[in-house]
Amino acid sequence: MAYWLIKSEPDVWSFQDQVDKGAPEEWHGVRNYAARNHMRAMKVGEKAFFYHSNQGKEIVGIAKVAALVHPDSTTDDPRWECVDFIADKPFKRPVTLEEIKVHPNLQDMILVNNSRLSVQPVTEREWKIICELGGVKP
DNA sequence: GCCAACGTTGGC
DNA sequence: GCCAACGTTGGC
């Protein structure tokens with residue numbers, strides 16, 4: 001089981017939107033090879049932190065992969081593919097970027113070192129630490 | 001609103 | 001295949 005982190009601007013698609021949807025939603029719009037490749041590696045049932053960029057700058061919950069990679073319906077360009085996500089559970093308490101940046105054991109996170117990658121892997125150790133901070137079971 | 005960092009595009 | 005130009009992301 002691999003762990004991931006996905007980013008979304010809450011203005012465009014927030015975790016609450018994902019929860020309200022209550023069904024799988026295409027994670028479309030990614031136009032970056034590295035991010036796409038991470039989605040290609042995802043398996044159904046794997047979990048991802050849902051991060052709000054720009055506004056909030058915090059992880060607010062967990063989403064689950066609901067469908068394997070498939071063509072992105074928002075483009076005809078066959079290079080761009082995406083998976084579907086469904087909301088898993090919200091954090092009891094959001095974990096802010098600020099908090100992550102000062103945490104001694106989270107310094108190697110891509111979120112800290114490459115703020116622009118919108119789909120990124122998370123190690124098991126990082127996953128556990130952040131779940132604890134967020135008040136949920138890993 | 002600014003701007004640095006980064007990734008993609010496209011000419012050569 | 002290189003690299004300059006350009007566009008976008010996202011923190012501040």
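In the text below, chain A, chain B and the rest are named by the order of the sequence lines, each starting its count at 1. Values reported hereafter were calculated over all heavy atoms of this structure, with side chains retained and with hydrogens, waters and symmetry mates removed.
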(Q) Applying a 4.0 Å non-hydrogen cut-off, can you work out what A:Lys57 is touching in the nucleic acid: base, sugar-phosphate, or nothing? (A) base
Scoring nucleotides 6-11 of chain B by protein non-hydrogen atoms under 4.0 Å (B base, S sugar-phosphate only, - none) yields BSSS--
With a 4.5 Å limit on heavy-atom distance, are the side chains of [X] and [Y] in contact?
X        : Y       : result
A:Asp77  : A:Arg31 : no
A:Cys131 : A:Phe49 : yes
A:Leu133 : A:Arg93 : yes

Separation between CD (A:Gln120) and OG (A:Ser115), nearest 0.5 Å, reads 9.5 Å
Whole-Å distance, A:Asn54 CG to B:dA4 C1', equals 15 Å
Practice item. On the 0 to 90° scale, with breaks at 30° and 60°, tag the A:Trp80-A:Tyr33 ring pair as parallel, tilted or perpendicular. Key: tilted
